[in-house]
*Asks:* 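Below is a structure I'd like to ask you about.
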Amino acid sequence: MLKHSFVKRILLIAFLLLVVLFFLKLIPFWFLFVPALLYLVAIAVGSYFIQLNYFLVSFNKSTKQEKKIALTFDDGPITEKTLHLLDLLKAEDVKATFFLIGKNIRGNENVVRRIVEDGHLVGSHSYSHTNAFPLFSKEKIMNDIAKGNEAIERVTGRNVLWFRPPFGVTNPNIAKAVTELKLQSIGWSIRSYDTVINDEQKLLSRLEKTKAGDIILLHDWGAKTLAVLPSFVSKYKALGFEFVGIDELM
Ligand SMILES: [Zn+2]
């Protein structure tokens, strides 16, 4: 809430100053709307870019100067797709972090167990992952996340420590819910856009922006994700990088 509260305070002061200037007839009336407009822009930008830590401080990138990278996969488990991904990660001998949607777990318990057995980390990506999630009240968000955590913990037997907000959207209610549930929000520093990019070369170019300490956002269901991962991984391994779970970046 720190940055958001700060911006709110500054804009309120600016507004009061403008009111004074308006009554002194130094500025036109419409100037009074500028702080409100800036406030709305700040909220929109702050909600969309998780890396700004505008409403909530997320772990987005390592500050250590080590040649380590974290691959993160959202939206699983998705039966066949996640299993193929796990086969690929095993063949490449790399560790990753999976942010699971709670409602996808029923019927896919074996997939979740395999994720853990293969040595990957698991975090929550909410229970419902519904489009309305960012519009929920704090209580509803807390219930949704808690339900997702239960679904994961029932299968893995491990406490959920990390949460990736659906769509990467944050706001005051999500910030309060995540803080009260004592979860660490996890963002990213490289957004692959693997759910919208259909061109393998383009996707690879985006991934090749990766530098030491980056957290890469990918999805189990990305159309070209599995196709480009082997080239990306072998190139970075040859450069001396190691692929690790997010905990090793902290
Ligand atoms: Zn998602």
Side-chain angles (χ1 to χ4, degrees), residues 44-56 58-61 70-86 88-89 96-108 111-112 115-116 120-136 140-153 155-156 160-171 173-175 177-178 181 183-198 203 206-207 214-226 228-229 245-246:
V45 173
S47 304
Y48 184 73
F49 293 100
I50 195 166
Q51 305 92 325
L52 294 177
N53 294 331
Y54 188 69
F55 295 106
L56 170 71
S58 299
F59 182 70
N60 304 304
K61 186 182 172 45
L71 297 172
T72 65
F73 296 94
D74 285 10
D75 299 351
I78 306 167
T79 323
E80 288 305 312
K81 290 192 182 345
T82 307
L83 288 173
H84 282 150
L85 176 57
L86 287 168
L88 190 151
L89 295 174
T97 305
F98 288 79
F99 290 98
L100 305 181
I101 297 178
K103 70 172 183 188
N104 288 356
I105 292 177
R106 204 188 176 95
N108 280 314
V111 182
V112 178
I115 292 174
V116 176
H120 305 296
L121 299 181
V122 170
S124 164
H125 195 34
S126 82
Y127 179 82
S128 66
H129 198 283
T130 162
N131 290 340
F133 187 86
L135 305 174
F136 285 174
K140 208 167 169 188
I141 292 170
M142 285 183 77
N143 289 339
D144 191 293
I145 298 176
K147 198 173 168 188
N149 287 358
E150 275 167 34
I152 293 171
E153 289 166 2
V155 181
T156 64
V160 173
L161 306 173
W162 305 296
F163 177 70
R164 171 164 284 159
F167 322 106
V169 168
T170 54
N171 63 33
N173 284 342
I174 293 174
V178 171
L181 288 168
L183 294 168
Q184 164 77 64
S185 171
I186 307 292
W188 57 78
S189 48
I190 298 283
R191 185 170 199 156
S192 68
Y193 288 101
D194 64 337
T195 56
V196 287
I197 295 179
N198 267 314
L203 182 56
R206 274 207 73 82
L207 291 177
D214 274 330
I215 296 178
I216 307 177
L217 168 64
L218 294 150
H219 296 81
D220 297 34
W221 57 281
K224 301 291 177 192
T225 309
L226 291 183
V228 303
L229 266 180
I246 48 163

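All ligand and atom numbering here is 1-based and tracks the order in the structure.
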*Asks:* When you measure from the side chain of R164 to the backbone N and O of H125, does any donor-acceptor pair fall under 3.5 Å?
*Replies:*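 Between the backbone of H125 and the side chain of R164 there is no qualifying donor-acceptor contact (under 3.5 Å).
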*Asks:* Has the side chain of S58 got a donor or acceptor atom that lies under 3.5 Å from a matching backbone atom of N60?
*Replies:*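 Not at all, since once roles are kept as given, no pair shorter than 3.5 Å links the two residues.
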*Asks:* Taking the Zn ion (ligand 1) as the center, what protein N, O or S atoms are found at less than 2.8 Å?
*Replies:*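 For the Zn ion (ligand 1), the protein N, O and S atoms that sit under 2.8 Å away are D75 OD1, H125 NE2, H129 NE2.
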*Asks:* So, using side-chain hydrogen bond (donor to acceptor under 3.5 Å, both in side chains) as the criterion, who are the partners of T79 when residues are at least two apart?
*Replies:*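 Checked T79 against side-chain hydrogen bond (donor to acceptor under 3.5 Å, both in side chains); matches are N108.
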*Asks:* Which residues satisfy the side-chain hydrogen bond (donor to acceptor under 3.5 Å, both in side chains) test with K224, sequence neighbours excluded?
*Replies:*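 Checked K224 against side-chain hydrogen bond (donor to acceptor under 3.5 Å, both in side chains); zero matches.
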*Asks:* Name all residues meeting the salt bridge (charged side-chain N to carboxylate O under 4.0 Å, His left out) criterion together with D144; count only those two or more places apart in sequence or in a different chain, and write none if there are none.
*Replies:*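 D144 satisfies salt bridge (charged side-chain N to carboxylate O under 4.0 Å, His left out) with no residue once adjacent residues are dropped.
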*Asks:* Passes side-chain hydrogen bond (donor to acceptor under 3.5 Å, both in side chains), S47 versus N171? Steps please.
*Replies:* CA-CA 6 Å; S47 304; N171 63 33; over 6 Å; no
